[in-house]
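Scope of the values below: all heavy atoms of this structure, side chains included, with no hydrogens, waters or symmetry mates. Order of listing sets the numbers, starting from 1, for every ligand and every atom in it.
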Amino acid sequence: MALEKVPAAVQGVLQTLQTHGFEAVLVGGCVRDMLLSRPVHDYDIATNALPDEVVRLFDHTRDTGIKHGTVTILSDPICPVEVTTYRSEAGYSDKRHPDTVRFGATLFEDLSRRDFTVNAMAFTPSGRIVDPFGGQNDLLLKCIRAVGDSRERFREDSLRILRAVRFAAQLSFEVESTTRLAMTEASPGLSCVSKERIGQELTKIAKANWWQVIPLLADCKLLASLPDPLSGLQSDFDSLALVPDKSRENWRTLFSNADTQTFWLATWGTWLLFDNAPVHTVKKLFQELAIESRHAKPIGYIACAAKEELFNWPKSRWQESLFSNGQASVQIAARIRDGLILNQLVNYEALCTRYISEQPIWSRKDLAVTADDLIAYGLHGQKIGQAFKLLCQAVLSNKCKNTKTDLVDYLKKV
Ligand code: ATP
Ligand code: MG
C-alpha cells in the first residue's frame, strides 16, 4: 500500500496538518479498501487537531458536522476531503447516536469507537498501518468482527447490525460467530433506526452480492425487527433461504453480469416476489425507505410477473407486457424465474427473447398510421388518442395486422 496512490488533494491535507504539528492519518473504509485493492470512493482523514484548528488551516472548508468533529476541506472542489477530530463517544440512550462526543482523544480511542475490526485501522503518511484490533488478519480471514465487546457495540448503535450484513454482502465476507450472535440478540433495536437509514443500507445490500447473505438474514431474523411494512421482508428471505443452494448459485451468473440498474431492479423484484406485493405496496415501501419512486413501477411489475407461470402466457399477454413495461422489466422477470426454479424444462429468458424478436410494436409511434391519417379519416380531439390506444391493443392481441389498410379497416369495423 502506498501513499502515492492516494489523490493529491488528500495527500495535501495530510501534509498541511502534519506541517502544523498535528497528527493526521487515513482511517476507516479507505484503509480497508486499499488493503483489499478495491476502488476507494472516499478518503477519510482523522486528526488530533480540533475542528476550529482544522478550519483555520484551510481556505475553503464546509462545516459538515462540527458537533461530531467533521470538517470538509474543499481546496480541490472535485475531491472534497473529510477531516474528523479523534473522538471518543459515550452513552447511546437512543440506540443509535452517542449522547456525548469527547474530542482530545487518542488515535487508539478513536479506532476503538469504530464498528468492525476491518474498519478500525489507520494508515499514516509514513506508510505505517495502525491496526490495534486485528483488522488485517480479519481481512485475510474474510471476516466481519465487531471491535471489542460485540454485544455492547450493537446495543449502542443498532444500525451497525445492518452495516455488518452490508459489508458481508459487499466484500463477500462471513460474519464471525460471536458477532453474529450479538447481532441476533440486538436485532429488536432495529425498530429505533430511521427508515431512510435502513433504506440506504438495504439499497447497498441490493447492489452487492446479496444472495450470499440470505442464510444470515434468514437465520438471524434481523428483518423481522424492522419497522412495518419492512418486517415483511423477513418472510421473503426465509423463503429465499429454502431455495436449494444449487439454484441460488445460479443467481450469481444470472445477476452479476447485469448492469447495476438491472441488477438492482432484479434484486428488489426477487425479494418482493415472495410477498404478495402489488405495485401500490411496493410504492409505499419505497416511499418510506426514501428510495427513488421511479423504480417502484418496474419493480412492482417484475415482482408480480416473476411469480406467474410465464410459460402459460398467451402470445398476446407477452406482447402487451413488453409494450407496457418495456423489454428490460419483462426480461428480468423471466430471468428471475429461470434463477428460482430448479430442474426446469423451460428456459424463460429464451422464451422472452423469442417474443421480443416477434414484438410487432413497442410504442404507438410504430403503428402504420399517423395522427394525420386519423384526422384525414375524420377523427379529432380525444378521439385520436382513443383510436391509437384501440389500434395498439388490436395489433398486440393479433386482432389486426400493422398495415395502414388493415388498421383503417379495423377502425371502420369497431
Ligand atoms: P463505505 O464508505 O464504503 O460505505 P465505510 O467503511 O467508509 O464504507 P462509512 O459509513 O463511510 O463507511 O464510515 C466511515 C468509517 O466510520 C467506517 O469505516 C467506520 O470506521 C466508522 N463508522 C461509520 N459508521 C459507524 C457506526 N455506525 N458505528 C461505528 N463506526 C462507524
Ligand atoms: Mg466511507
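Contacts between Asp42 and ligand 1, counted as non-hydrogen atom pairs separated by less than 4.0 Å, involve the side chain only. With a heavy-atom cut-off of 4.0 Å, Leu159 does not touch ligand 1 at all.
Between Asp33 and ligand 1, no pair of N/O atoms sits closer than 3.5 Å. The distance criterion of under 3.5 Å between nitrogen or oxygen atoms is met by Gly29 with respect to ligand 1. Polar contact with ligand 1: present for Asp115 (N/O pair, distance under 3.5 Å).
Closest protein heavy atom to atom 28 (N) of ligand 1: Arg160 NE, 2.7 Å. Scanning the protein heavy atoms around atom 23 (C) of ligand 1, the nearest turns out to be Arg163 NH2, 3.1 Å. Protein heavy atom closest to atom 4 (O) of ligand 1, with residue, atom name and distance, is Arg166 NH1, 2.7 Å. Given atom 6 (O) of ligand 1, the protein heavy atom at minimum distance is Arg32 NH1, 2.8 Å. From the protein, the heavy atom lying nearest to atom 27 (N) of ligand 1 is Asp157 OD2, 2.8 Å. Arg114 NH1, 3.4 Å is the protein heavy atom nearest to atom 16 (O) of ligand 1.
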Next on the checklist: With salt bridge (charged side-chain N to carboxylate O under 4.0 Å, His left out) as the criterion, how do Arg153 and Asp157 come out once you've worked through the C-alpha distance, each side chain's angles and the decisive distance to 0.1 Å?
Outcome noted: CA-CA 7 Å; Arg153 306 323 305 280; Asp157 176 0; over 6 Å; no
May I have the list of side-chain donor-acceptor pairs in residues 322-331 shorter than 3.5 Å, sequence neighbours left out?
unit_1	atom_1	unit_2	atom_2	d
Ser324	OG	Glu320	O	2.9
Asn325	ND2	Ser321	O	3.2
Ser329	OG	Asn325	O	3.4

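Paired with Gln319 under the rule side chain to side chain contact (heavy atoms under 4.5 Å, CB included), one option of Ser397, Pro314, Pro360 passes, and it is Pro360.
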